[in-house]
Amino acid sequence: MCGIVGYTGRRQAAPILLDSLSRLEYRGYDSAGLAVRNGTALAEVVKATGKLYHLADKTDQGRALAGCCGIGHTRWATHGDPSVVNAHPHVSGNCSGSGSGAVESDVVGVHNGIIENYTELKDKLLRHGYAFYSDTDTEVAVKLVDYYYKKYKIGPVDAITRTMVRIRGSYALALMFKDYPDEIFAARKDSPMIIGTGEEESFLASDVPAILKYTRQVYYIGNLQVARVSPGKVAFFDLNGDENTIPLTEITWDAAAAEKGGYEHFMLKEIHEQPAAVRDTLNSIVKDGKIDLSGTGLTEETVRSVSKIDIVACGSAWHVGMAAQYVIEDLAGIPVRVELASEYRYRKIPMAEKTLVIVISQSGETADSLAALRVAKERGAETLAIVNVIGSTIAREADHVLYTLAGPEIAVATTKAYSAQLIATDVLAVYLALARGTVAEEEAAALLAELAEIPAKIERILEEKARLQWFSSKIANTHDIFFIGRGLDYAISLEGSLKMKEISYIHSEAYAAGELKHGTISLIENNTLVIGVLTQKELYEKTVSNMMECRSRGGYLMGITTNGNFSVEDSVNFTVYIPKSDEHFMASLAVVPLQLLAYYTSVNRGLDVDKPRNLAKSVTVE
Ligand code: M6R
């Protein structure tokens with residue numbers, strides 16, 4: 001969480017920093033701040049609470065801050081409330097107030113992540129005469145660097161490495177030192193950060209889209225490494241202070257892909273990009289009608305010998321795992337366990353021999369998913385990451401990577417990355433089934449042909465969006481929504497419910513339809529909205545019966561079902577029909593109306609669709 005940026009070069013830093021931060025706001029938007037150096041003058045620090053435009057206003061779009069070297073931050077609060085005092089950058093000086101203005105300070109820094117042992121470090125610094133103005137762990141980190149810098153009279157790199165050895169937790173740090181006017185020093189452990197270079201200028205950011213407008217040449221700074229960034233030049237060091245070499249990577253994807261492209265919100269744009277995201281992902285792993293996972297490095301041997309699969313992820317990616325569980329077990333007959341990464345990382349689950357652990361993540365930086373991946377590797381499992389962001393930490397650390405090709409996803413509520421993940425797991429299920437002989441070649445070919453039609457079917461659903469827009473205006477003031485389904489329909493319900501609650505702030509729950517009567521049905525009262533997902537033939541009547549139980553108690557019903565297969569119109573108040581596909585793949589279709597419903601409900605309630613309160617796109621803290 002939190003986004004950090006840096007610039008050093010010949011141009012004025014502040015406008016560039018603000019522009020880069022605007023592309024990182026998805027990482028947090030509780031407050032934002034800048035620190036800019038103008039040659040040997042003191043660093044000028046400006047901070048503001050709330051969204052980035054407050055900081056832009058406060059600095060006259062950056063024009064009020066002179067200087068060609070600077071760092072910036074957009075915050076998602078962890079330690080300390082979202083206030084100016086707690087906003088970054090933080091300074092090493094014992095200043096009064098919030099550490100802003102022209103501050104007399106040897107070190108100024110911004111941070112993304114959590115310093116777990118910050119209270120212990122703070123005590124140590126207090127004993128050495130440091131005073132603190134904020135509640136943040138970041139101020140402690142900045143002051144600890146300052147402490148080593150002065151105590152041992154060593155350069156910035158050594159002061160930072162000494163600090164890194166003392167700090168527990170995860171972090172990406174960008175620091176400026178008073179004695180090094182045009183340089184930025186950076187360090188990372190388990191939090192993302194990239195450094196870009198151009199003609200006599202360098203950039204630093206938590207994520208590629210932040211600097212794509214300025215350069216496509218980037219370095220992915222390694223874990224536990226330090227970078228010394230000067231205009232057009234970067235040097236990297238390990239914890240011993242020895243210089244390391246990192247290859248320069250050229251970013252080939254299109255910057256326009258990360259812009260709104262005429263849509264009112266990123267989420268709506270990304271919903272419409274799903275056919276392309278699914279098609280591109282499919283085409284990268286199914287070539288000439290044959291599955292080709294050679295890019296992942298998974299061998300036939302591994303695939304044939306897998307005795308168990310653990311799928312580990314968070315949020316919507318976990319919902320993809322829930323859906324994949326049904327598909328893989330049914331097609332390939334391999335037992336699948338789906339675990340929340342935040343639980344998995346601390347559980348002592350006996351690791352069966354030949355377990356394949358699949359970590360699903362859009363960002364490839366989610367702290368819990370990364371930790372779960374590491375735990376799985378420590379326990380000897382072979383690991384496969386299904387990841388969207390190329391070069392992300394999870395992608396780099398997993399044994400095998402299957403990249404989804406959804407392109408940059410900006411809206412906090414995931415849509416196209418979810419759909420790309422689903423299709424990737426569907427192909428994997430067919431691949432596993434083929435390798436293990438649980439489906440024959442012809443059956444596999446038929447399944448792949450069905451998958452190839454998914455993008456066009458999503459397009460057809462999108463053409464019908466006006467009905468969902470209309471229905472959302474009817475339900476916009478609802479207080480509670482229940483999403484129910486059985487089997488795969490339950491997995492789809494989980495995603496529908498999360499989409500709804502995270503952007504509309506309406507309380508919603510997803511329930512396995514048969515479980516409702518074991519307690520939750522007591523919450524159904526007059527006009528409580530119950531949305532039944534009905535795409536699985538064998539379970540259809542059972543779920544409809546559960547919906548009727550809700551109607552008898554006053555429930556207002558919406559059903560999602562397939563064209564021509566079933567008709568629920570007589571039983572429910574509002575029906576959405578979606579095209580038919582093989583039942584294993586219905587999640588890819590049924591989820592689309594649920595995304596649209598959540599989107600329009602949020603719009604109807606006048607909310608910030610792309611940046612819902614309290615959330616961040618990429619959860620890089622535990
Ligand atoms: O980047 P990841 O896929 O690892 O993120 C996992 C979750 O944080 C994410 O899916 C979250 O639940 C979304 N906001 C849901 O829309």
Side-chain angles (χ1 to χ4, degrees), residues 277-313 317 319-338 352-362 373 376 381-388 394-395 398-406 417-455 488 491 581-589:
V278 169
R279 198 176 285 123
D280 291 349
T281 303
L282 206 50
N283 289 342
S284 71
I285 47 180
V286 181
K287 293 168 187 156
D288 301 325
K290 298 261 177 263
I291 300 174
D292 178 2
L293 295 184
S294 55
T296 66
L298 270 177
T299 62
E300 290 265 343
E301 165 58 20
T302 302
V303 171
R304 252 194 298 273
S305 62
V306 167
S307 64
K308 183 179 161 254
I309 293 177
D310 286 354
I311 302 182
V312 193
H319 299 158
V320 171
M322 289 295 283
Q325 174 185 39
Y326 293 104
V327 184
I328 296 173
E329 287 187 341
D330 199 46
L331 290 179
I334 306 171
V336 180
R337 171 181 197 138
V338 189
E353 227 191 298
K354 308 279 183 204
T355 298
L356 176 67
V357 175
I358 303 178
V359 179
I360 306 177
S361 174
Q362 186 284 128
L373 169 71
E382 191 146 354
T383 55
L384 167 70
I386 298 181
V387 169
N388 195 45
I394 291 176
D399 299 317
H400 311 283
V401 191
L402 196 171
Y403 280 116
T404 50
L405 301 186
Y418 168 91
S419 287
Q421 289 162 353
L422 265 185
I423 221 77
T425 55
D426 287 341
V427 173
L428 187 66
V430 178
Y431 186 69
L432 291 164
L434 258 177
R436 301 161 70 88
T438 51
V439 303
E441 291 276 353
E442 313 79 70
E443 203 186 332
L447 289 168
L448 293 179
E450 288 277 5
L451 284 175
E453 286 180 23
I454 297 281
L488 196 60
S581 178
D582 182 281
E583 286 190 3
H584 295 99
F585 310 139
M586 284 310 297
S588 293
L589 302 176

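Heavy atoms of other residues, nucleotides or ligands lying less than 6.0 angstrom from NZ of Lys287 number more than 12.
Taking the side chain as every heavy atom from C-beta outward, Leu428 and Leu384 approach each other to under 4.5 Å. With contacts defined as side-chain heavy-atom distances shorter than 4.5 Å, the pair Ile285/Leu402 qualifies. Between Leu451 and Val286 there is no side-chain heavy-atom pair separated by less than 4.5 Å. In this structure, the side chains of Ile454 and Leu589 come closer than 4.5 Å at one or more pairs of heavy atoms. In this structure the side chain of Ile309 reaches within 4.5 angstrom of the side chain of Leu432, judged on heavy atoms. Counting only heavy atoms from C-beta outward, the side chains of Ser588 and Val278 never approach each other to under 4.5 Å. Using a 4.5 Å cut-off on side-chain heavy atoms (C-beta onward), Val427 and Thr425 make no contact. In this structure the side chain of Tyr326 never reaches within 4.5 angstrom of the side chain of Glu583, judged on heavy atoms.
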What verdict does the side-chain hydrogen bond (donor to acceptor under 3.5 Å, both in side chains) test give for Asp330 and His584, after you've listed the backbone C-alpha separation in whole Å, the side-chain angles of each residue and the deciding distance to 0.1 Å?
CA-CA 9 Å; Asp330 199 46; His584 295 99; 2.6 Å; yes

Test side-chain hydrogen bond (donor to acceptor under 3.5 Å, both in side chains) on Thr281 and Ser284; report intermediate values, then the result.
CA-CA 5 Å; Thr281 303; Ser284 71; 5.6 Å; no

Listing, residues 438-448 side-chain donor-acceptor contacts under 3.5 Å, not counting sequence neighbours, or none:
{"unit_1": "Thr438", "atom_1": "OG1", "unit_2": "Leu331", "atom_2": "O", "d": "2.7"}
{"unit_1": "Thr438", "atom_1": "OG1", "unit_2": "Ala433", "atom_2": "O", "d": "3.2"}

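Qualifying side-chain hydrogen bond (donor to acceptor under 3.5 Å, both in side chains) partners for His400, counting only residues two or more places apart in sequence or in other chains: Glu382.
Under a 3.5 Å cut-off, the side chain of Arg436 and the backbone N or O of Arg304 do form a donor-acceptor pair. Listed for the Asp292 side chain is a donor-acceptor partner under 3.5 Å among the backbone atoms of Ser294.
Salt bridge annotation for Lys308-Asp310: present, with a cationic side-chain nitrogen under 4.0 angstrom from a carboxylate oxygen.
Tested against Ile311, the residues Val359, Ile386, Ile358, Leu356 include a single side chain to side chain contact (heavy atoms under 4.5 Å, CB included) partner, Ile358.
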